[in-house]
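Both ligands and their constituent atoms are indexed starting at 1 by order of listing. Along the sequence shown, residues are numbered consecutively beginning with 1.
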Amino acid sequence: MKNLLSIESLSRDEILAVLADTAAMKSSRGHHASHPLRHQCWALIFSKSSTRTRVSFEVGIRELGGDPMFLAAADIQLGRGEPIKDTARVMGLMLHGAVIRTFAQKDVEDFAEFSGIPTINALTDEEHPCQILADLFTIRESRGSLDGLKVAFIGDGDCNVSRSWIWAAARLGFELVIAAPKKYQPCPELLARAGGSIHVTDDIHEAAKGSHVLYTDVWVSMGKEEEAAYRLAQLAGYQINALLCAASPGALVMHCLPAYRGKEIDDATFEAHADTIFRQAENRLHTQKALMALLLDARRAM
Ligand code: CP
Ligand code: NVA
């Protein structure tokens with residue numbers, strides 16, 4: 001694994017390797033035996049807002065001995081139209097790694113190709129792989145294993161987070177049910193390409209029944225703000241609340257955050273499951289540290 005561009009591009013073993021190393025990274029926080037990013041500078045190039053991803057990468061890079069450099073895309077020449085491949089070629093000559101949050105998946109892929117340095121997708125319109133690695137770790141931590149897992153994704157079933165869930169389910173072989181109105185369901189071509197045990201429905205109660213995890217994300221992803229009013233109306237029935245939780249007693253309720261209470265989740269349900277939800281956020285730090293160390297290992301072995 002030279003880069004993390006998507007969950008789609010990972011194998012089952014690569015996902016499991018990140019999860020295994022995360023446990024060690026988490027338990028040794030504050031007293032790591034090695035600092036694999038020592039003398040390295042990693043850039044965070046962000047074209048979209050972020051709290052968790054930015055903070056967890058900045059802290060994680062420092063804790064592994066490196067220096068993070070935050071670059072808002074609008075502040076560098078990229079924001080004035082310099083091609084990504086030229087930006088990448090310059091950065092590849094000076095930096096040791098890059099974490100990129102942007103719109104087009106191809107921009108992250110081009111950056112990886114033209115920079116030659118370890119490149120991590122920190123969210124594109126297509127995928128949010130770092131989030132799903134942390135979520136899988138959180139589920140395993142809570143349940144003890146991913147065996148026999150059934151996840152229900154409720155809401156905008158065609159967003160970056162749900163797409164990364166699709167690929168995680170395909171690679172690891174667990175059951176995923178996506179409950180979304182027709183317009184916000186993943187396209188059949190994607191589902192056919194992914195294979196695995198993935199079902200799509202517009203019935204949230206059917207999806208929730210027997211699920212171990214009820215998962216949701218915002219109804220209006222970054223970049224979709226112009227569609228906000230329409231999306232809120234279309235997705236109005238797709239909320240995680242007490243009634244839905246009653247369909248799967250004991251299920252973990254998860255949210256990648258930021259959360260909009262009264263929209264994709266109601267306040268009481270959010271607060272009742274805050275321990276899990278904020279542990280997801282915390283685990284971003286540990287999974288991403290494990291990931292960066294693994295990317296460097298893979299390159300050293302080449
Ligand atoms: N979940 C997540 O990626 O949060 P941020 O947008 O705050 O980074
Ligand atoms: N789907 C959301 C995820 C935020 C972390 C978005 O793209 O805005």
### Task
Out of C256, S221, A281, S56, indicate the one that has the non-hydrogen atom closest to atom 1 (N) of ligand 1.
C256
### Task
Examine R231 relative to Y184 and say whether NZ or CZ is less than 6.0 Å from the centre of the six-membered ring and inside a 45° cone about the ring axis.
no
#### Entry: Proximity flag D125 to ligand 2, non-hydrogen atoms under 4.0 Å
no
### Query
Atom OG1 of T22 and atom CD of E141: how far apart are they, to the nearest 0.5 Å?
9.5 Å
### Task
Would you indicate whether the side-chain heavy atoms of R29 and L285 approach each other to under 4.5 Å?
yes
### Task
Taking the side chain as every heavy atom from C-beta outward, state whether M302 and K2 have any atom pair closer than 4.5 Å.
yes
### Message
Polar contacts were defined as any N/O atom of the residue lying under 3.5 Å from an N/O atom of the ligand; does this apply to H128 and ligand 2?
### Response
no
#### Entry: Polar proximity ligand 2 side, R101 side, N/O cut 3.5 Å exclusive
no
### Query
Does even one non-hydrogen atom of L123 get within less than 4.0 Å of ligand 1?
no
### Message
Less than 4.0 Å is my threshold; does some heavy atom of K48 fall inside it relative to ligand 1?
### Response
no
### Query
Quick one: do the S142 and R279 side chains pair a donor with an acceptor below 3.5 Å?
yes
### Message
Just by distance, no angles: are the side chains of Q105 and N121 close enough, under 3.5 Å, to form a donor-acceptor pair?
### Response
yes
Can you tell me which residue and heavy atom of the protein come closest to [atom], and the distance to 0.1 Å?
{"atom": "atom 4 (O) of ligand 1", "answer": "R52 NE, 2.8 Å"}
{"atom": "atom 7 (O) of ligand 1", "answer": "T51 N, 2.7 Å"}
{"atom": "atom 6 (O) of ligand 1", "answer": "R101 NH1, 2.8 Å"}
{"atom": "atom 8 (O) of ligand 2", "answer": "M222 N, 2.8 Å"}
{"atom": "atom 7 (O) of ligand 2", "answer": "N160 ND2, 2.8 Å"}
{"atom": "atom 5 (C) of ligand 2", "answer": "L257 O, 3.6 Å"}

## Note on the structure
From the list R101, R163, K48, salt bridge (Lys or Arg N to Asp or Glu O under 4.0 Å) partner of D125 resolves to K48
### Query
Taking heavy atoms and a distance under 4.0 Å, where does L257 meet ligand 1: side chain, backbone, both or neither?
backbone
### Query
Nearest heavy-atom pair of T119 and S115: which atoms, and what distance?
OG1-OG, 3.8 Å
### Message
Against F111, only a single residue in I117, L5, L78, N3 fulfils side chain to side chain contact (heavy atoms under 4.5 Å, CB included); can you say which?
### Response
I117
### Proximal ligand 2 atoms for L123, defined as those under 4.0 Å from one of its heavy atoms
3 (C), 4 (C), 5 (C), 7 (O)
### Message
Show the atoms of ligand 2 that are less than 4.0 angstrom away from any heavy atom in V218.
### Response
2 (C)
### Message
I'd like to know whether the aromatic ring centres of W165 and Y215 sit less than 6.0 Å apart in this structure.
### Response
yes
### Task
Indicate yes or no: does an N/O atom of S50 lie under 3.5 Å from an N/O atom of ligand 1?
yes
### Message
If the cut-off is 4.0 Å to any non-hydrogen atom of H128, which atoms of ligand 1 fall inside it?
### Response
2 (C), 3 (O)
### Query
If you count the atoms of ligand 1 from 1 in the order shown, which ones are under 4.0 Å from a heavy atom of R284?
1 (N), 2 (C), 3 (O)
### Message
Is there a continuous path of hydrophobic side-chain contacts, each under 4.5 Å between heavy atoms, that joins I7 to V177?
### Response
no
